S.K.: 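Let me give you the structure first, and then I'll get to my questions.
The structure presented is a predicted model; accordingly, all values stated were derived computationally and were not measured.
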Amino acid sequence: MDETSNLSVSSSELDLDRPNIEDYLPSESIQEPHVKPRLRDLLDISPTLTEAAGAIVDDSFTRCFKSNSPEPWNWNLYLFPLWCLGVVFRYLILFPLRAIVLTLGWIIFLSAYLPVHFLLKGHDKLRKKLERVLVELLCSFFVASWTGVVKYHGPRPSMRPKQVFVANHTSMIDFIILEQMTAFAVIMQKHPGWVGLLQTTILESLGCIWFNRSEASDRVIVARKLREHVNGVDNNPLLIFPEGTCVNNHYTVMFKKGAFELDCTVCPIAIKYNKIFVDAFWNSRRQSFTKHLLQLMTSWAVVCDVWYLEPQNLKPGETPIEFAERVRDIISARAGLKKVPWDGYLKYSRPSPKLRERKQQTFAESVLRSLEE
């Protein structure tokens with residue numbers, strides 16, 4: 001009997017020591033126990049939970065890199081035969097003709113580029129000028145192999161020191177479309193295969209700068225080369241895609257600040273593709289660039305608008321990050337793209353430990369504040 005009473009006393013003492021959960025609940029929840037907790041009440045606990053719920057309901061990050069499949073239209077008896085005829089025409093007539101055009105372009109380019117590159121070593125100014133013309137010609141053959149319908153709006157870029165061109169990024173063909181009008185020196189990720197061979201041979205002559213995302217030391221080297229190129233008088237215009245990755249031409253992700261802290265004029269370029277015939281977005285994780293080109297060459301046409309917008313300069317008291325956001329606003333408004341507050345590099349890597357610790361700290365502080373209330 002005594003042992004039972006001792007056990008009951010000790011358990012009651014333990015109950016007294018436990019915090020009363022009702023002290024931390026709103027008075028309405030205590031007065032009306034029959035009311036079920038609402039999602040809004042749960043999300044009021046922490047902004048972190050609100051972000052998590054928002055990500056589940058509307059995952060704007062994943063949608064930036066998602067290719068939307070075209071709506072089927074060959075759904076009845078008289079449209080299906082027309083669709084079959086279209087497939088036969090595109091694959092058996094258009095594609096072979098386009099392949100011949102591209103092959104002819106490569107033959108013309110190589111037969112002229114190789115003598116210019118190796119025989120005019122002592123005449124750098126003339127050699128660079130001819131190489132620029134030949135690269136523009138090759139890019140024109142590439143655009144012709146897709147039956148590219150490209151409309152350029154605004155003045156054509158010119159070679160001037162202390163300026164850099166920035167554009168939104170949908171595919172590697174952005175560079176080809178812009179290059180056929182002006183021989184830009186571009187900053188680009190190193191690629192394997194035949195694309196990498198072109199980077200280290202032909203495009204190297206234009207002053208292009210290559211980097212590798214996985215190499216931290218490349219950032220310092222690229223930053224130094226950027227400043228040297230921008231300050232050069234006879235260098236080709238510098239083109240940067242500050243998003244750092246391909247986005248599906250519905251959104252723009254955060255612009256990297258590197259292009260906006262060079263103390264030079266920034267010239268925005270807006271690119272918008274019409275998806276009536278083909279989706280020009282290149283998802284590099286799902287298909288190689290060769291397959292992407294084949295997809296374009298077997299489509300009806302690539303329709304695109306390019307706007308060369310008014311040059312912008314850093315305003316007094318404006319930070320490079322604010323400058324980047326202002327230029328992103330201009331490009332997004334002109335091309336009709338939605339802005340999202342995401343870093344495009346999250347597509348390739350997990351969030352950094354610092355970001356995770358910051359989120360954990362924010363969550364802990366919000367929970368403590370709610371408990372104190």
S.K.: Which residues satisfy the side chain to side chain contact (heavy atoms under 4.5 Å, CB included) test with R224, sequence neighbours excluded?
M.R.: I221, E228

S.K.: For residues 80-92, tabulate all N or O donor-acceptor pairs below 3.5 Å that involve a side-chain atom, not counting sequence neighbours.
M.R.:
residue	atom	partner	partner atom	Å
R90	NH1	T298	O	2.5

S.K.: Between N168, V247, V186, which is the residue that forms a side-chain contact (heavy atoms from CB on, under 4.5 Å) with F241?
M.R.: V186

S.K.: Is a side-chain N or O of E243 found less than 3.5 angstrom from the main chain of H169, in a donor-acceptor match?
M.R.: yes

S.K.: One pair to check against side chain to side chain contact (heavy atoms under 4.5 Å, CB included): L293 and W282. What are the steps and the verdict?
M.R.: CA-CA 9 Å; L293 284 181; W282 177 38; over 6 Å; no

S.K.: Indicate yes or no: at least one non-hydrogen side-chain atom of N231 is less than 4.5 angstrom from one of K162.
M.R.: yes

S.K.: Output all residues satisfying side chain to side chain donor-acceptor pair (under 3.5 Å) with W210, sequence neighbours left out; order by chain, then residue number.
M.R.: E204

S.K.: Should L206 and E179 count as side-chain neighbours, where that means a heavy-atom distance under 4.5 Å?
M.R.: yes

S.K.: Taking the hydrophobic residues Ile, Leu, Val, Met, Phe, Trp and Tyr, and joining any pair whose side-chain heavy atoms are under 4.5 Å apart, which ones share a cluster with L197?
M.R.: none

S.K.: Distance alone, cut at 3.5 Å: any donor-acceptor contact between the side chains of N248 and Y273?
M.R.: no

S.K.: Walk me through it: do I269 and Y308 pass the test side chain to side chain contact (heavy atoms under 4.5 Å, CB included)?
M.R.: CA-CA 5 Å; I269 302 176; Y308 299 108; 3.9 Å; yes

S.K.: Linking I/L/V/M/F/W/Y whenever their side-chain heavy atoms sit closer than 4.5 Å, directly or via other members, would L138 and L114 fall into one cluster?
M.R.: yes

S.K.: Please determine whether side chain to side chain contact (heavy atoms under 4.5 Å, CB included) holds for the pair W307 and I331, giving the CA-CA distance in whole Å, both sets of side-chain angles, and the decisive distance to 0.1 Å.
M.R.: CA-CA 9 Å; W307 290 273; I331 292 176; over 6 Å; no

S.K.: A side-chain contact here means heavy atoms from C-beta on lying under 4.5 Å apart; do V143 and V302 qualify?
M.R.: no

S.K.: Taking C-beta and beyond as the side chain, do M254 and W342 meet within less than 4.5 Å on heavy atoms?
M.R.: no

S.K.: Output, in order, the C-alpha distance, side-chain angles, deciding distance and verdict of side chain to side chain contact (heavy atoms under 4.5 Å, CB included) for N76 and Y78.
M.R.: CA-CA 6 Å; N76 57 26; Y78 64 87; 3.3 Å; yes

S.K.: I want to check something: taking the side chain as every heavy atom from C-beta on, are F289 and W194 in contact at a cut-off of under 4.5 Å?
M.R.: yes

S.K.: Should L134 and L119 be regarded as members of a common hydrophobic cluster, given that ILVMFWY residues are connected when their side-chain heavy atoms come within less than 4.5 Å of each other, either directly or indirectly?
M.R.: no

S.K.: Counting N and O atoms only, with roles assigned by atom type, does the side chain of Q189 sit under 3.5 Å from a partner on the main chain of T245, one being a donor and the other an acceptor?
M.R.: no

S.K.: Ring-plane angle category for H117 and Y113, please: parallel below 30°, perpendicular beyond 60°, tilted otherwise.
M.R.: parallel

S.K.: Side chains of I177 and Y152, heavy atoms from C-beta outward: is any pair under 4.5 Å?
M.R.: yes

S.K.: Would you mind listing every side chain to side chain donor-acceptor pair (under 3.5 Å) that reaches into residues 96-106, with sequence neighbours excluded?
M.R.: R98-T147

S.K.: Is there a donor-acceptor pair closer than 3.5 Å between any side-chain N or O of D305 and the backbone N or O of A335?
M.R.: no

S.K.: Which salt bridge (charged side-chain N to carboxylate O under 4.0 Å, His left out) pairs, counting each pair once, include a residue from residues 268-284, with sequence neighbours left out?
M.R.: K275-D279

S.K.: Applying side chain to side chain contact (heavy atoms under 4.5 Å, CB included), can you list everything that pairs with K128, at least two apart in sequence or on another chain?
M.R.: R132

S.K.: Which salt bridge (charged side-chain N to carboxylate O under 4.0 Å, His left out) pairs, counting each pair once, include a residue from residues 114-124, with sequence neighbours left out?
M.R.: D124-R127

S.K.: Taking side chain as C-beta onward, heavy atoms only, is F175 less than 4.5 Å from M188?
M.R.: yes

S.K.: If the condition is ring pair (Phe, Tyr, Trp, His ring centres under 6.0 Å), which residues does H229 pass it with, not counting sequence neighbours?
M.R.: none

S.K.: Let me check something: do L94 and I276 share a hydrophobic cluster, defined by ILVMFWY side-chain heavy atoms less than 4.5 Å apart, either directly or through other members?
M.R.: yes

S.K.: Checking S299 side chain against L296 main chain: does a donor-acceptor pair fall under 3.5 Å?
M.R.: yes

S.K.: How would you list, by chain and number, every residue that makes a side chain to side chain donor-acceptor pair (under 3.5 Å) with S145, sequence neighbours excluded?
M.R.: none

S.K.: Under 3.5 Å, which donor-acceptor pairs link side chains of residues 258-265 to any protein atom two or more places apart or in another chain?
M.R.:
residue	atom	partner	partner atom	Å
T265	OG1	N313	OD1	2.9

S.K.: Is any side-chain heavy atom of V278 closer than 4.5 Å to a side-chain heavy atom of Q295?
M.R.: yes

S.K.: Measure up the F165 and F184 rings against each other and bin them: parallel (under 30°), tilted (30 to 60°), perpendicular (over 60°).
M.R.: perpendicular

S.K.: Show every salt bridge (charged side-chain N to carboxylate O under 4.0 Å, His left out) that has at least one partner inside residues 311-325, sequence neighbours left out.
M.R.: E318-R326, E325-R328, E325-K339

S.K.: Side-chain heavy atoms nearer than 4.5 Å, only ILVMFWY residues, links allowed to pass through others: does that put V101 and I93 together?
M.R.: no

S.K.: What is the minimum heavy-atom distance between M159 and N235, and which atoms define it?
M.R.: CE-O, 3.3 Å

